[in-house]
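Encoded as C-alpha coordinates, the structure appears first; notes follow it.
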Amino acid sequence: MTMHLIRTICLCLIMLAPHGQAAIVVIVNPDNPTDNFSQRELVDLYMGRNLYFPDGNLAVRLDQAPTSEVREAFYRALVDKSVAEVNAYWARLLFTGRASPPQVLDSSDKVINAVLKNRNAIGYIEEEALVDSVKVVGRVD
(Lines give C-alpha, C1' and ligand atoms only; values in the text may rest on other atoms or scores of the structure.)
Protein backbone atom coordinates (compact mmCIF):
# COMPACT_ATOMS: atom_id res chain seq x y z
CA MET A 1 0.00 0.00 0.00
CA THR A 2 1.14 3.46 -0.72
CA MET A 3 1.46 6.02 2.05
CA HIS A 4 -1.26 8.15 0.41
CA LEU A 5 -3.72 5.24 0.48
CA ILE A 6 -2.93 4.50 4.14
CA ARG A 7 -3.51 8.16 5.09
CA THR A 8 -6.80 8.18 3.18
CA ILE A 9 -8.00 5.02 4.93
CA CYS A 10 -7.03 6.41 8.36
CA LEU A 11 -8.84 9.67 7.66
CA CYS A 12 -11.98 7.79 6.61
CA LEU A 13 -11.88 5.66 9.77
CA ILE A 14 -11.55 8.76 11.95
CA MET A 15 -14.47 10.44 10.21
CA LEU A 16 -16.67 7.34 10.63
CA ALA A 17 -15.81 6.77 14.28
CA PRO A 18 -18.50 7.81 16.76
CA HIS A 19 -17.81 11.18 18.32
CA GLY A 20 -18.26 11.77 22.02
CA GLN A 21 -21.91 12.79 21.79
CA ALA A 22 -23.18 13.12 25.33
CA ALA A 23 -26.28 11.36 26.47
CA ILE A 24 -29.50 13.30 26.83
CA VAL A 25 -31.66 12.64 29.86
CA VAL A 26 -35.41 13.13 30.16
CA ILE A 27 -36.42 14.68 33.46
CA VAL A 28 -39.53 15.27 35.56
CA ASN A 29 -40.33 16.88 38.89
CA PRO A 30 -39.31 14.67 41.83
CA ASP A 31 -42.96 14.64 42.99
CA ASN A 32 -44.12 13.14 39.69
CA PRO A 33 -45.01 9.46 40.28
CA THR A 34 -43.60 8.37 36.89
CA ASP A 35 -40.28 6.55 37.27
CA ASN A 36 -39.41 5.48 33.75
CA PHE A 37 -40.38 5.98 30.12
CA SER A 38 -39.55 3.58 27.33
CA GLN A 39 -38.23 4.91 24.03
CA ARG A 40 -41.67 4.27 22.47
CA GLU A 41 -43.44 6.21 25.24
CA LEU A 42 -41.07 9.15 24.75
CA VAL A 43 -41.70 9.11 21.00
CA ASP A 44 -45.45 9.12 21.62
CA LEU A 45 -45.19 12.01 24.08
CA TYR A 46 -42.86 14.19 22.03
CA MET A 47 -44.59 13.52 18.71
CA GLY A 48 -48.04 14.32 20.13
CA ARG A 49 -49.51 10.82 19.95
CA ASN A 50 -49.99 10.65 23.71
CA LEU A 51 -50.24 13.74 25.88
CA TYR A 52 -50.60 12.11 29.30
CA PHE A 53 -48.48 10.59 32.02
CA PRO A 54 -49.33 7.02 33.06
CA ASP A 55 -51.26 8.43 36.06
CA GLY A 56 -53.60 10.30 33.68
CA ASN A 57 -52.24 13.82 34.23
CA LEU A 58 -51.63 15.99 31.19
CA ALA A 59 -47.90 16.20 30.46
CA VAL A 60 -46.45 19.67 30.00
CA ARG A 61 -43.87 18.80 27.35
CA LEU A 62 -40.82 21.06 27.17
CA ASP A 63 -38.56 21.48 24.16
CA GLN A 64 -35.17 23.14 23.83
CA ALA A 65 -34.49 26.11 21.52
CA PRO A 66 -34.82 25.25 17.81
CA THR A 67 -31.16 26.04 17.15
CA SER A 68 -29.75 24.15 20.14
CA GLU A 69 -27.49 21.16 19.63
CA VAL A 70 -29.29 19.25 22.39
CA ARG A 71 -32.62 19.56 20.53
CA GLU A 72 -31.05 18.34 17.29
CA ALA A 73 -29.42 15.41 19.09
CA PHE A 74 -32.62 14.57 21.00
CA TYR A 75 -34.83 14.29 17.93
CA ARG A 76 -32.12 12.56 15.90
CA ALA A 77 -31.78 9.91 18.61
CA LEU A 78 -35.50 9.69 19.38
CA VAL A 79 -37.08 9.59 15.91
CA ASP A 80 -34.11 9.88 13.52
CA LYS A 81 -35.32 13.25 12.23
CA SER A 82 -33.71 16.67 12.05
CA VAL A 83 -35.25 19.66 13.81
CA ALA A 84 -36.45 20.92 10.41
CA GLU A 85 -38.25 17.60 9.78
CA VAL A 86 -39.81 17.67 13.25
CA ASN A 87 -40.93 21.28 12.69
CA ALA A 88 -42.56 20.26 9.41
CA TYR A 89 -44.32 17.39 11.20
CA TRP A 90 -45.69 19.80 13.82
CA ALA A 91 -46.78 22.27 11.16
CA ARG A 92 -48.95 19.55 9.59
CA LEU A 93 -50.43 18.57 12.96
CA LEU A 94 -51.13 22.19 13.88
CA PHE A 95 -52.86 22.76 10.54
CA THR A 96 -55.21 19.84 11.17
CA GLY A 97 -55.78 20.89 14.79
CA ARG A 98 -54.83 17.45 16.09
CA ALA A 99 -52.11 18.49 18.54
CA SER A 100 -49.78 21.28 19.52
CA PRO A 101 -45.99 21.07 19.87
CA PRO A 102 -44.10 21.13 23.16
CA GLN A 103 -43.41 24.47 24.81
CA VAL A 104 -40.00 25.85 23.78
CA LEU A 105 -37.51 27.07 26.38
CA ASP A 106 -34.14 28.66 25.70
CA SER A 107 -31.79 26.46 27.72
CA SER A 108 -31.36 23.39 29.85
CA ASP A 109 -31.34 25.60 32.94
CA LYS A 110 -34.78 26.94 32.00
CA VAL A 111 -36.05 23.41 31.37
CA ILE A 112 -34.80 22.35 34.81
CA ASN A 113 -36.46 25.35 36.48
CA ALA A 114 -39.76 24.72 34.68
CA VAL A 115 -39.69 21.04 35.70
CA LEU A 116 -39.01 21.98 39.31
CA LYS A 117 -41.98 24.38 39.32
CA ASN A 118 -44.50 22.03 37.71
CA ARG A 119 -45.18 18.45 38.82
CA ASN A 120 -46.51 17.61 35.34
CA ALA A 121 -43.65 19.05 33.30
CA ILE A 122 -41.29 16.82 31.33
CA GLY A 123 -38.20 17.97 29.50
CA TYR A 124 -34.82 16.87 28.20
CA ILE A 125 -31.34 18.17 28.90
CA GLU A 126 -27.78 17.13 28.23
CA GLU A 127 -26.55 14.81 30.96
CA GLU A 128 -23.81 17.25 31.98
CA ALA A 129 -26.49 19.78 33.05
CA LEU A 130 -28.24 17.26 35.33
CA VAL A 131 -28.89 18.32 38.92
CA ASP A 132 -29.93 16.19 41.89
CA SER A 133 -33.21 18.06 42.37
CA VAL A 134 -34.91 16.51 39.30
CA LYS A 135 -35.82 12.90 38.51
CA VAL A 136 -34.47 11.13 35.41
CA VAL A 137 -37.16 9.05 33.68
CA GLY A 138 -35.46 8.34 30.38
CA ARG A 139 -32.28 8.56 28.36
CA VAL A 140 -31.54 8.89 24.67
CA ASP A 141 -28.08 8.35 23.18
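This chain uses plain numbering: 1 for the first residue, then up along the sequence.
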Answer yes or no: is there a side-chain heavy-atom contact under 4.5 Å between [X] and [Y]?
X: Val28; Y: Arg119; answer: no
X: Glu127; Y: Ile24; answer: no
X: Phe53; Y: Pro33; answer: no
X: Leu78; Y: Gln39; answer: yes

Closest non-hydrogen atom pair between [X] and [Y], with its separation:
X: Asp141; Y: Ala77; answer: O-CB, 3.4 Å
X: Val104; Y: Gln64; answer: CG1-O, 3.6 Å
X: Ala99; Y: Gly48; answer: CB-O, 4.2 Å

Set of side-chain hydrogen bond (donor to acceptor under 3.5 Å, both in side chains) partners for [X], sequence neighbours left out:
X: Asn36; answer: none
X: Arg40; answer: Asp44
X: Glu126; answer: Ser108
X: Ser82; answer: Glu85

Taking Arg61 for the side chain and Leu45 for the main chain, is one N or O donor matched with an acceptor at less than 3.5 Å?
yes
Would you say the side-chain atoms of Asn113 pair up with the backbone N or O of Asp109, donor to acceptor, closer than 3.5 Å?
yes
Step by step, work out the side-chain contact (heavy atoms from CB on, under 4.5 Å) result for Asp80 and Tyr75.
CA-CA 6 Å; Asp80 196 26; Tyr75 283 107; over 6 Å; no
Pairs where residues 23-37 contributes a residue and the test salt bridge (Lys or Arg N to Asp or Glu O under 4.0 Å) is met, not counting sequence neighbours:
Asp35-Lys135
Please set out all donor-acceptor pairs under 3.5 angstrom arising from side-chain atoms of residues 86-94, sequence neighbours excluded.
from	atom 1	to	atom 2	distance (Å)
Asn87	OD1	Arg71	NH2	3.3
Asn87	ND2	Val83	O	3.4
Tyr89	OH	Met47	O	2.6

From CA spacing to verdict: side chain to side chain donor-acceptor pair (under 3.5 Å), Thr34, Asn32:
CA-CA 6 Å; Thr34 304; Asn32 188 305; 3.0 Å; yes
For Leu58, what are the other residues in its hydrophobic cluster, where any two members join if their side-chain heavy atoms are less than 4.5 angstrom apart?
Leu51, Tyr52
Remaining members of hydrophobic cluster (4.5 Å side-chain criterion), Leu130:
Val25, Ile27, Val60, Leu62, Leu105, Val111, Ile112, Val115, Leu116, Ile125, Val131, Val134, Val136
Would you list the pairs meeting ring-ring contact (aromatic ring centres under 6.0 Å, His included) in which at least one residue belongs to residues 117-141, sequence neighbours left out?
Tyr46-Tyr124, Phe74-Tyr124
Taking only residues two or more places apart in sequence, or in another chain, which ones meet Asp132 in a side chain to side chain contact (heavy atoms under 4.5 Å, CB included)?
none
Report the residues that fulfil salt bridge (Lys or Arg N to Asp or Glu O under 4.0 Å) with Lys110, sequence neighbours left out, ordered by chain and then residue number.
Asp106
